[in-house]
Amino acid sequence: MPTFAAIDIGSNSCRLKIARVQAHQLKTLAEDREVTRLGGSVFDTGLISPEAMAATLRTLKRFQRTVQPHGVDRIRVVATSAMRDARNSAAFQAWVKAETGWNMEIISGLEEGRLIHLGVTGAEPGAGGRVLLLDLGGGSCELTLSEHKHIKETMSLPLGAVRLTEQFLSTDPPPADGLARMGQLIARELRRAHRRLQTGRAPLVIATSGTAAALSAAYLASAKNGKGSSKKAGKSRSGRDHAAHRSAILAGMVTTRAVRKLAGKLAKMSLPQREAVPGIGPRRAEIIVAGAQVYAEVLETFGLQGFRYSPLGLRDGILAQMLAEQDARAKAHREFEHERWESVLATARRYGVDPRHTEPVRDHAVQLFRELKSLHGLPAEYESWLATAAMLRDTGKFINHQGHHRHTQYIISSSEIYGYTQLQRTLVSAIARYLGKSRPQPGDRALRNIPSEEHKNVQRAVVLLRMAVALNQDRASDVLRVGTRLYPKRVYLELYPGRTGAELELWSLRKESGYFREVFGRELFVTVA
């Protein structure tokens, strides 16, 4: 059974999780975590400090030693907010590659939210209905509204606990003016989020990451310590409030009222006092004031009753996606493919592309991929990338019809398409780029960020897509059927014309025969049945 490892390089801490596939599900083998404060200097200077780089690299090397005995088949290393913001992120990526051999992938805030959603809804009890997911990291805060395990809306806000602490809470105890300015920024960002995220009365709020864990532990510890004084508490709290408080504890929920009270209490404490609060600890105490304020403001702004902490998060989503990509029989595979394709269609509609015009091209591209597999020898994942390129190949016309292939390449590589990494989007954009007169060349801008070993594969996928486009020249006609036959030195395509014939498609395909021969080393013959 394959074994996967996911590494989350956050602005505050690094996390590792190793899992093995058993009966089409993931079984956790090992976990590790270390606070490295990678974003400590980024939000002040715009640069990752050498000390933070060294600390993070030491942690990654330790993770590497943990991974080795498990015989891991695939490792995915992702970095989030601090690396998105740092001007020297490329230098640190190169250092990590040189020291560990790992490719560190910097993901966007929206992709971070999508992966957290995938990890939480896939395993968290009760996450199948209407749920608001809240993940507060060191550099950003991801808010995702989910319904029946499908994302309705997601946002990434610059409200991370390390970021806010560095910007506003420079002294200890936190200064009153810093708290006030921080509160104004949080309120402004949440007003913007509230306009987009119509949560309604979301029955469940699931919070992940370290701040949620600390607030939940502190709340439950205080509730447990207060059991013996229930009579005294009853005098200051109504019977209804007391019942709600008790039911919240039993459900593992931290109430909004409790979060606001805890946030106010923590803001008045010194660092040693915060460290002594049960559930918070020494490293979390440094940034808990900012984190607690964000939680209180989010819950109050959206009119929520409270949150429930989940230990699941980004690394669980990374593992779930690796399972989905690897195991076609896993339930996660179907959900992942559906979500990814819906995002492709949404991107096409956003740029004015009519799917009715692009779907025949997609169908022919997939048919050619499958029937000519022994000829092109492309990896299986290229089928999905080819289909996506076919659907998005005209998005560049949204900017300008002239030179629209160049615009298409830019739009695809820059767009947020769920389920596609930056490298995968770059590959798709390169496949869609060369449908005009130009041909892929090693020094091209479109290929600059693609590993050289993939250039040949991109070129072969380009030929297949050009042939699919050639088969759909006359959009007014009904879709042509095509048959393929392969021989050692030649390939035959036989067209079955529709009501309006196939002369234009025949001419267009024959124009591609020279490039086909150049790439595949075989003659292309096209006939009409």
Side-chain angles (χ1 to χ4, degrees), residues 1-34 59 63 66-67 70 72-81 104-105 107-128 131-138 140-146 149-151 154 156 204-214 216 252 307-327 330-337 339-340 418-419 421:
M1 291 290 102
T3 302
F4 303 133
I7 296 175
D8 164 18
I9 302 176
S11 305
N12 182 58
S13 59
C14 294
R15 294 178 172 87
L16 163 71
K17 194 166 190 175
I18 305 171
R20 177 170 294 147
V21 179
Q22 291 186 355
H24 312 292
Q25 294 183 330
L26 292 166
K27 180 182 179 182
T28 302
L29 301 179
E31 293 186 74
D32 199 354
R33 177 181 178 273
E34 183 70 38
T59 299
F63 287 176
T66 304
V67 165
H70 292 284
V72 170
D73 298 283
R74 184 181 171 195
I75 301 171
R76 187 176 177 191
V77 183
V78 304
T80 55
S81 184
M104 180 169 56
E105 174 190 349
I107 60 174
S108 68
L110 295 182
E111 177 67 2
E112 185 178 353
R114 185 194 71 82
L115 287 170
I116 293 167
H117 173 268
L118 182 63
V120 173
T121 59
E124 184 67 29
V131 182
L132 179 68
L133 301 181
L134 170 56
D135 182 86
L136 179 69
S140 62
C141 175
E142 277 65 47
L143 295 169
T144 303
L145 182 62
S146 174
K149 298 189 177 183
H150 293 291
I151 294 176
T154 186
S156 181
L204 180 61
V205 179
I206 298 177
T208 61
S209 203
T211 298
S216 181
F307 73 85
R308 189 180 82 199
Y309 167 66
S310 170
L312 302 171
L314 176 58
R315 61 201 181 283
D316 299 278
I318 297 169
L319 291 168
Q321 180 158 321
M322 287 194 283
L323 171 65
E325 292 171 340
Q326 178 90 10
D327 189 349
K331 182 182 178 182
H333 175 79
R334 296 188 298 274
E335 295 173 352
F336 170 68
E337 290 296 335
E339 184 181 57
R340 184 159 69 169
Y418 289 155
T421 66

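All values below were derived from every heavy atom in this structure, side-chain atoms included, with hydrogens, water molecules and symmetry-related copies excluded.
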Legend entry - Distance-only side-chain donor-acceptor flag, S140 / E142, under 3.5 Å: yes

Can you see which heavy atom on [X] is nearest to which on [Y], and at what distance?
X	Y	result
I18	A5	CG1-CB, 4.1 Å
P125	R308	O-NH2, 2.6 Å
F336	A324	CB-CB, 3.6 Å
P2	D73	CA-OD2, 3.1 Å
S81	S11	CB-OG, 3.5 Å
T154	Y418	CG2-OH, 2.9 Å

Do the side chains of [Y] and [X] get nearer than 4.5 Å, heavy atoms only?
X	Y	value
L136	S209	no
R76	T421	yes
F63	I7	yes
E124	V131	no
T144	I116	no
D8	T80	yes
M322	I318	yes
L143	L134	yes

Calculate, to the nearest 0.5 Å, the distance between atoms [atom1] and [atom2] belonging to [X] and [Y] respectively.
X	Y	atom1	atom2	result
L314	K17	CG	NZ	11.5 Å
E105	I9	CD	CD1	11.0 Å
F307	L204	CZ	CG	12.0 Å
H70	L29	NE2	CG	6.0 Å
E339	Q321	CD	CD	8.5 Å
I151	L133	CD1	CG	8.5 Å

Inset, instruction - Using modelled atom types only, decide if a donor and an acceptor are shared between the side chain of S310 and the backbone of L312 within a distance under 3.5 Å. - result: yes

Inset, instruction - Return yes if some donor-acceptor pair links the side-chain N/O of T121 with the main-chain N/O of H117 below 3.5 Å, else return no. - result: yes

Inset, instruction - Return yes when atom CD of E337 has more than 12 non-hydrogen atoms of other residues, nucleotides or ligands closer than 6.0 Å, and no otherwise. - result: yes

Legend entry - Electrostatic pair E325:R74 at N-O distance under 4.0 angstrom: yes

